[in-house]
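Take a look at the structure below.
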There are 2 protein chains.
Amino acid sequence: MHLLLVEDDHLVAEGLCRSLRQQGYSVEHSSTVKSAMQWLQNDEIELVVLDLGLPDGDGIDILKHIKKHRKNLPVVILTARGSIDDKVMGLDLGADDYLAKPFDPAELFARLRVASRRVTQAQTSTLKVGDVEMDTAAFTVRFQGEPVNLPRKEFMLLKALLENQGRVQSKQQLESKLYEWGEEVGSNTIEVHIHHLRKKFPKEFIKTLRGIGYVVGKR
Amino acid sequence: MHLLLVEDDHLVAEGLCRSLRQQGYSVEHSSTVKSAMQWLQNDEIELVVLDLGLPDGDGIDILKHIKKHRKNLPVVILTARGSIDDKVMGLDLGADDYLAKPFDPAELFARLRVASRRVTQAQTSTLKVGDVEMDTAAFTVRFQGEPVNLPRKEFMLLKALLENQGRVQSKQQLESKLYEWGEEVGSNTIEVHIHHLRKKFPKEFIKTLRGIGYVVGKR
DNA sequence: AGCGAAACTTAAATAAAACTTAAGAAAAAT
DNA sequence: ATTTTTCTTAAGTTTTATTTAAGTTTCGCT
């Protein structure tokens with residue numbers, strides 16, 4: 001799950017980044033309003049942790065922007081100011097939750113889980129194409145009813161394909177779903193994973209479109 | 001299972017907290033109406049033990065609030081007042097059960113089990129997967145009919161696995177079931193407990209899905 | 001048909017995750 | 001208060017996943 005952390009205090013940011021990653025999030029970090037806005041162009045951000053009180057503008061603007069353009073993106077606010085007014089304003093503007101500094105990281109994680117659950121639960125947890133079935137919540141995959149065990153990256157790749165049944169995706173698109181930005185790999189990983197997946201499913205389940213990408217399902 | 005205890009008498013609270021934890025609950029404690037309300041924001045609270053008669057307001061208000069916002073959250077009421085009227089009022093407002101002080105802790109535990117069973121949908125207090133059988137009320141586990149003695153944490157971990165037969169759960173999910181907020185551990189405890197459990201059951205009873213989590217039972 | 005680009009296959013190297021131990025800290029029991 | 005049990009940590013080990021890279025095949029194009 002891709003998370004955007006907007007926090008200007010570098011010390012705080014560094015620590016949070018690390019522990020958020022430990023919690024399994026892919027974390028992007030902005031320390032200014034400007035760069036935060038830029039990241040928000042990116043559709044793959046699914047969750048935002050927002051510190052109010054940035055050097056180059058007001059974090060509230062970011063919140064407003066988010067709620068205008070992506071109503072459904074969950075936002076958890078951090079702030080040093082503890083006043084009720086701030087809290088009310090934040091929540092009224094559509095923030096999902098609010099934490100006053102200093103806070104216990106564990107509490108932040110709990111609140112993030114709650115916030116992201118709202119999003120995750122909305123989408124159904126099972127995907128099916130042909131006789132390949134995936135339960136994204138339980139992390140299970142079946143082929144003709146038989147369980148198939150997939151390592152994490154293969155699972156993620158298959159998920160990306162199933163989620164876009166009938167739509168061709170380029171290797172680069174797929175890559176960006178499996179890796180964090182800045183971490184994008186420099187070799188033929190996707191090809192190799194595709195190859196491994198193919199050994200576990202019918203030969204032509206994953207189709208190749210030369211020079212274009214990969215698809216699953218009819219089109 | 002995360003439980004919120006609302007109790008202003010510190011002596012009582014301390015004792016209850018400890019024994020509830022021994023029963024395997026993750027306990028949060030509030031001694032005021034205000035802080036109780038705050039904890040109730042947290043969706044992961046699954047069970048409430050509520051002492052009426054708090055210093056800064058009436059516990060009945062908390063009950064009303066709960067039943068308004070989270071109809072399904074089970075509440076067990078404690079009270080020093082023994083009057084029938086209180087009892088009737090509490091139950092009418094949707095409390096699941098009622099205990100007059102002084103009470104036998106064992107009775108509270110029993111009632112909590114009943115109350116939480118309602119939520120879990122489980123009809124009985126026994127879980128069974130393969131030839132591993134657990135009686136959650138009696139705190140006993142049998143393997144092929146033979147009793148197995150498990151320390152608390154191992155018991156809780158096994159319970160979490162059995163309750164989700166066929167579902168893969170990540171170490172983090174499991175952790176959050178065994179520990180309370182702010183206490184979530186910083187090391188490989190789960191791995192170690194899994195290891196200990198495995199010595200007591202067939203080798204592949206608990207399956208590992210590398211990078212994903214652990215499961216029990218068929219899938 | 002033959003060339004070049006793209007994708008496939010394979011195997012080895014690297015990295016990551018999980019397992020195993022054992023020792024010390026904490027909690028419970030006596 | 002003492003002893004025993006259980007829990008947590010951390011380091012070392014093993015296992016497995018992932019990436020890389022090189023060699024091979026396939027495909028589309030002129």
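Residue numbers begin at 1 in each chain, while the letters A, B, ... track the order of the sequences. Given the structure is predicted, the values throughout are model-derived calculations rather than measurements.
One finds a side-chain N or O of B:Tyr179 lying less than 4.0 angstrom from the OP1 or OP2 phosphate oxygen of D:dT8. At D:dT6, none of the side-chain N or O atoms of B:His193 fall inside 4.0 Å of OP1 or OP2 (strictly under the cut-off).
If you measure from atom CD of B:Glu204 to atom P of D:dT15, you get 17 Å, rounded to the nearest angstrom. Here D:dC7 presents its P atom at 15 Å from CG of B:Asn188, a figure rounded to the nearest Å. Atom-to-atom, CE of B:Met156 to P of D:dC7 comes out at 9 Å; the value is rounded to the nearest Å. The NZ-P distance, from A:Lys199 to D:dT18, rounds to 14 Å in whole Å. The separation between A:Glu191 atom CD and D:dA21 atom P is 14 Å, rounded to whole Å. Rounded to whole Å, atom C1' of D:dT25 lies 12 Å from atom NE2 of A:His195. One interatomic measurement links the two molecules: CG of A:Leu157 to P of D:dA17, which rounds to 16 Å at whole-angstrom precision. In this structure, CZ of B:Arg18 is placed 18 Å from P of D:dT6, rounded to the nearest angstrom.
With a 4.5 Å cut-off on side-chain heavy atoms, B:Leu112 and B:Tyr25 count as touching. Within the 4.5 Å cutoff, no side-chain heavy atoms of A:Leu161 are placed close to those of A:Phe205.
Residue contacts shown for B:Lys171 are limited to sugar-phosphate atoms, with no base heavy atom under 4.0 Å away. A:Tyr214 comes within 4.0 angstrom of sugar-phosphate atoms only, judged by non-hydrogen atoms across all strands, and of no base. Nucleic acid contact class of A:Ser187 (heavy atoms, under 4.0 Å, all strands): base.
Looking at A:Gln169, its side chain never comes within 3.5 Å of a backbone N or O of A:Tyr214 through a donor-acceptor pair.
Comparing A:Glu154 and B:His196 against DNA chain D, the residue whose closest nucleotide sits nearer the 5' end is B:His196. Comparing A:Gly211 and A:Val192 against DNA chain C, the residue whose closest nucleotide sits nearer the 5' end is A:Gly211. Of the residues near DNA chain D, B:Arg210 and B:Arg152, the one whose nearest nucleotide (by heavy atom distance) lies more toward the 5' end is B:Arg152.
The outermost nucleotides of DNA chain C lying under 4.0 Å from heavy atoms of chain B, listed 5' to 3', are C:dA16 to C:dA28.
Aromatic ring orientation, B:His196 versus B:His193: perpendicular (interplanar angle above 60°, classes split at 30° and 60°). Classified by interplanar angle (parallel below 30°, tilted 30° to 60°, perpendicular above 60°), the ring pair B:Phe143/B:Phe201 is perpendicular.
Minimum heavy-atom separation, B:Arg167 to B:Val215: O-CG1, 3.1 Å.
For A:Lys200 and A:Glu154, the salt-bridge test passes: some basic side-chain N is under 4.0 Å from an acidic carboxylate O.
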